[in-house]
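These values consider heavy atoms only, across backbone and side chains, with no hydrogens, waters or symmetry-generated copies. Throughout, protein chains are lettered first and strands after them, A, B, ... in sequence-line order, and every chain is numbered starting at 1. Nothing here was measured: the structure is a model prediction, and the numbers come from that model.
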Amino acid sequence: MRNISVKGALAGQVEVGSKVEVRGWVRTRRDSKAGISFIHVTDGSCQDPIQVVAPNTLGNYASEVQRLSTGCSLICRGTLVQSQGKGQAFEIQADEVIAVGFVDDPETYPVQPKQHTAEFLREVAHLRPRTNTFGAITRVRHAAAMAIHRFFTDEGFVWVNTPIITAADAEGAGQMFRVSTLDLANPPRNEQKGVDFHKDFFGKEAYLTVSGQLNVEAYCLALSKVYTFGPTFRAENSNTTRHLAEFWMIEPEIAFADLSADADLAERFLKAIFRAVLAERMDDLKFLEQTVGKGVVTQAGLIDRLEKFVDSSFERIEYSEAIEILKRSKKKFEYQPEWGKDLQTEHERFLTEDHVGRPVVVMNYPEQIKAFYMRMNDDGKTVAAMDVLAPGIGEIIGGSQREERLDHLDARMRAMSLVPEHYGWYRDLRRYGSVPHAGFGLGFERLIVYICGLGNIRDAIPYPRVPGWAQF
RNA sequence: UCCAGCUUAGCUCAGUCGGUAGAGCAGGUGACUGUUAAUCACCGGGUCGCUGGUUCGAGUCCAGCAGCUGGAGCCA
C-alpha cells in the first residue's frame, strides 16, 4: 500500500495494478445503479481530480459512501487501474473508503460544483482554496514565486530580507501603518502635550515598511546584485482592483548599473517568470482560461498573451516622446497629456495596448513627479526613472537609476522638503565607495493578476487586506 | 477620498403599470444509468440589506444609513 498524490497517479507515475492510497476531498459524487459510486477526489496537487470507483459491496457503502457530498474529506485505498470510462486514463478501484470528515449541512456548504462570483468567494476566503479556480491560482502563485528566486539565483543575485518594521520615513510619500505598544486610550504625553514616543517600544515612532529599497541599497553596495521579496504595507485609502493594504513586493538592486541595464533586467526577469509558469503550470492556465466570464478570471486569452510576451521585445520610449505620441493621437483622453505631468492610467493603456501592442518601457520622467532618490539626468529636467507598461494591466514595474552623487542627492531632498540629516545612513552610502546603481519594484500580486487574467487583485492573494476588510 | 451602480431562497438571477414572490443550480426523496458540474420526476426552502416616508396597498416610488462592486485619484 503506497500513499500517492492525485498528480502522481494521473501522470502515470504509478504502476497500473498496484495498491494505492489517496487522501483528499470530494469534488462530486455520482451513483450508478450498476452498484457503484463514482467519487471525484482532489488533494490539490494538480488541477484534475482522480476518479474513485466505490462498489456497493463496501461495508460502509450505504452508511457513509452514499452520504459523501462535495467537500467531505476521505481516504481511499484500492487498486490503480486503467479507466473503463471516458474522460480519464486512470482511476482507483476502491477496496476501502474511509469518510474522515463529513460536511455538516450540504445545503449550506458554500463551495458548490458551479461557477461562483468572485465577490461571494471573498466572503468565504477560508473555503475558496477548495475551488478549482483558487487551487489553480495558488499553484501558479507558488510556481511564480519559485521562478523568481530561481531567476535571481541563476543570475548571481542574493536574497536580502529587509526589515518589516521601520522607523524611517522611507520615501516620504506612502501612508504608513503605525506600529506601537502604547495604550491608545491613554498614551504617555510629552511636555508639548503630544504623544511621547520615547516611551514606545522602539523609543521612537515606528511603522510597517512601504518598501525595502533604501535598506537593500546598502547590501547592493556590498554584494553587487541583491533583491528583496517580502510583505509590504500601504495604509492608503485605495479602493481599486489593483491595490492591497498588504502585498508582496520584489525589489532587485544592481550595482555598477544604469537605467538601461535596469530595463534589460526587468525584461529578462518578466520573461523568465512567464516562461517558467507556462512550462510548469499549463494545466492550471488552461483551466483558468476556460473559466473566463463573470467569475474570478475576466481577461480572455491569457496563455496567448503570455506566449506573445516572452517572444516579443520590449519597446522603449522616452517620456517626452510618449507625451508627443499621446498628443498626436486622435484619441480623446479625459486628462490631456502634458509634459511635466504624470501619465494617467488611460495614457499608459493607450501606449501599450493601442500604440505599440507590446510591453513598453517609458524612461526619463520629469524630476518633479518622481522620488528624491532617482538620479538627475544631464538635462537637469528629467530623472532616470522607468515604468514598464504591459497590455491589459498598465504599469507593472516601476524603477530607476539611483542618485549616487551626494551633492545631487542632498539637493533633490531639499527641493522636496526632506531633511538630509534624517537620512544619515542612506547618505553614508554616497560617502563611502558610492557607485552608480539601479533597481525596480514589482508588486507580486499584480504579476499574478496578469498571469492568471484576474479581474481583481484581491483574488491574487489568499487573504486580502484592503480598507475596511481584514477578515480571516 | 470622489463619481456611478448594486443589495430578492444556500448560490446565480428574474420580478412588467405599485396589488403580499419565481426560475436554474444546490439540498431531500424516488427512477434510471461505467457515470463525467449525469439525466428525469416530485418535495422542502424567503425578515425582498436596514430605518423612515408616500400610498387603501411598497420587492417595486422617495429619503437617509450600511455593505459590496466598478471607475477615478494615489500607487506596486
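At distances below 3.5 Å, not a single donor-acceptor pair connects side-chain atoms of A:Q299 with backbone N or O atoms of A:Y450. Here the side chain of A:H347 pairs no donor or acceptor atom with the backbone of A:A322 at under 3.5 angstrom. Counting only distance, with no hydrogens or angles, the side chain of A:T70 and the backbone of A:R27 share a donor-acceptor pair below 3.5 Å.
Counting heavy atoms from C-beta outward, A:T166 and A:M176 have side chains that approach closer than 4.5 Å. Contact of the A:C72 side chain with the A:L74 side chain is not registered, since no non-hydrogen atoms from C-beta on lie closer than 4.5 Å.
For A:S238 and B:C75, a side-chain-to-base donor-acceptor distance below 3.5 Å is absent, hydrogens and geometry of angles not being considered. A donor and an acceptor atom sit less than 3.5 Å apart, one in the side chain of A:H243 and one in the base of B:C75.
At B:U36, none of the side-chain N or O atoms of A:R29 fall inside 4.0 Å of OP1 or OP2 (strictly under the cut-off). In this structure, A:R242 reaches the B:A72 phosphate: one of its side-chain N or O atoms is under 4.0 Å from OP1 or OP2. In this model, the phosphate group of B:U1 is not approached by any side-chain N or O of A:N239 to a distance below 4.0 Å at OP1 or OP2.
Protein atom CD of A:E346 is 20 Å distant from nucleotide atom P of B:G70, rounded to whole Å. Taking atom CZ of A:F247 as the reference point, atom C1' of B:C74 lies 12 Å away to the nearest angstrom. Between the CD atom of A:E348 and the C1' atom of B:C74 there is a distance of 12 Å, rounded to whole Å. The CD-C1' distance, from A:Q115 to B:G24, rounds to 15 Å in whole Å. Between the P atom of B:C74 and the NZ atom of A:K370 lies a distance of 11 Å, rounded to the nearest Å. In this structure, CG of A:L127 is placed 13 Å from C1' of B:G10, rounded to the nearest angstrom. Rounded to whole angstrom, the span from the CD1 atom of A:I397 across to the P atom of B:C75 amounts to 18 Å. Following rounding to the nearest Å, A:H347 (NE2) and B:C74 (P) show an atom-to-atom distance of 11 Å.
Residue A:E334 is out of contact with every strand shown, counting any heavy-atom pair closer than 4.0 Å. Counting any heavy atom pair closer than 4.0 Å across all strands shown, A:F233 reaches no nucleic acid atom. Within 4.0 Å (heavy atoms only), A:L447 reaches no atom of the nucleic acid at all.
The P atoms of B:G18 and B:U36 are separated by 47 Å, rounded to the nearest whole Å. When the C1' atom is used for both B:G46 and B:C11, the distance is 14 Å, rounded to whole Å. Here the separation of B:C48 from B:G52, taken at their P atoms, is 14 Å to the nearest Å. Nucleotides B:A31 and B:G67 have their C1' atoms positioned 45 Å apart, rounded to a whole Å. A distance of about 22 Å separates the P atoms of B:A63 and B:A14, rounded to the whole Å. The gap from the P atom of B:A66 to that of B:C50 amounts to 16 Å, rounded to the nearest Å. Using atom P as the reference point in both B:U16 and B:A21, the two lie 14 Å apart (nearest Å). B:U7 and B:U60 have their C1' atoms separated by 14 Å, given to the nearest Å.
No more than 12 heavy atoms of other residues, nucleotides or ligands sit less than 6.0 Å from atom OH of A:Y219. For NZ of A:K341, the number of neighbouring non-hydrogen atoms (other residues, nucleotides, ligands) closer than 6.0 Å is 12 at most.
In a base pair of the Watson-Crick type (N1 to N3 plus N6-O4 or O6-N4) or a G-U wobble (N1-O2 and O6-N3), with each distance short of 3.5 Å, B:C40 is matched with B:G30. With both pairing distances under 3.5 Å, B:C74 is matched to nothing as a Watson-Crick or G-U wobble pair. When Watson-Crick and G-U wobble pairs are counted only if both distances are under 3.5 Å, B:A9 pairs with no nucleotide at all. Both distances falling under 3.5 Å, in either a Watson-Crick or a G-U wobble arrangement, occur for no nucleotide opposite B:C48. Pairing partner, B:C61: B:G53, with both Watson-Crick or wobble hydrogen-bond distances short of 3.5 Å. Checking B:A4 for Watson-Crick or G-U wobble geometry (two distances, each under 3.5 Å) identifies B:U69 as its partner.
Scanning both residues, A:W25 and A:G71, for their nearest heavy atoms gives CD1-O, 3.4 Å.
Sequence order on RNA chain B of the closest nucleotides to A:G455 and A:E395 puts A:G455 first from the 5' end.
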Atom pairs under 3.5 Å, N or O on each side, protein against nucleotides 25-35 of chain B: can you list them with distances?
residue : atom : partner : partner atom : Å
B:U33   : N3   : A:D31   : O            : 3.1
B:U33   : O4   : A:D31   : O            : 2.9
B:U33   : O4   : A:K33   : N            : 2.7
B:G34   : N7   : A:Q84   : OE1          : 3.3
B:G34   : O6   : A:Q84   : OE1          : 3.4
B:G34   : O6   : A:Q84   : NE2          : 2.7
B:G34   : N1   : A:E91   : OE2          : 2.6
B:G34   : N2   : A:Q51   : NE2          : 3.0
B:G34   : N2   : A:E91   : OE1          : 2.4
B:G34   : N2   : A:E91   : OE2          : 3.0
B:U35   : O2'  : A:R30   : NE           : 3.2
B:U35   : O2   : A:R30   : NE           : 2.9
B:U35   : O2   : A:R30   : NH2          : 2.9
B:U35   : N3   : A:Q51   : OE1          : 2.9
B:U35   : N3   : A:Q51   : NE2          : 2.9
B:U35   : O4   : A:Q51   : NE2          : 2.6
B:U35   : O4   : A:Q88   : NE2          : 3.1

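Taking only side-chain atoms of A:F120, from C-beta outward, the nucleotide of B:U12, B:U69, B:C68 with the closest atom is B:U12. Considering only the side chain of A:T241, B:G70 comes nearest among B:G70, B:U69, B:G10.
Residues A:Y227 and A:F440 keep their aromatic ring centres 6.0 Å or farther apart.
Between atom CD1 of residue A:I137 and atom CG of residue A:L288 there is a gap of 6.0 Å, rounded to the nearest 0.5 Å.
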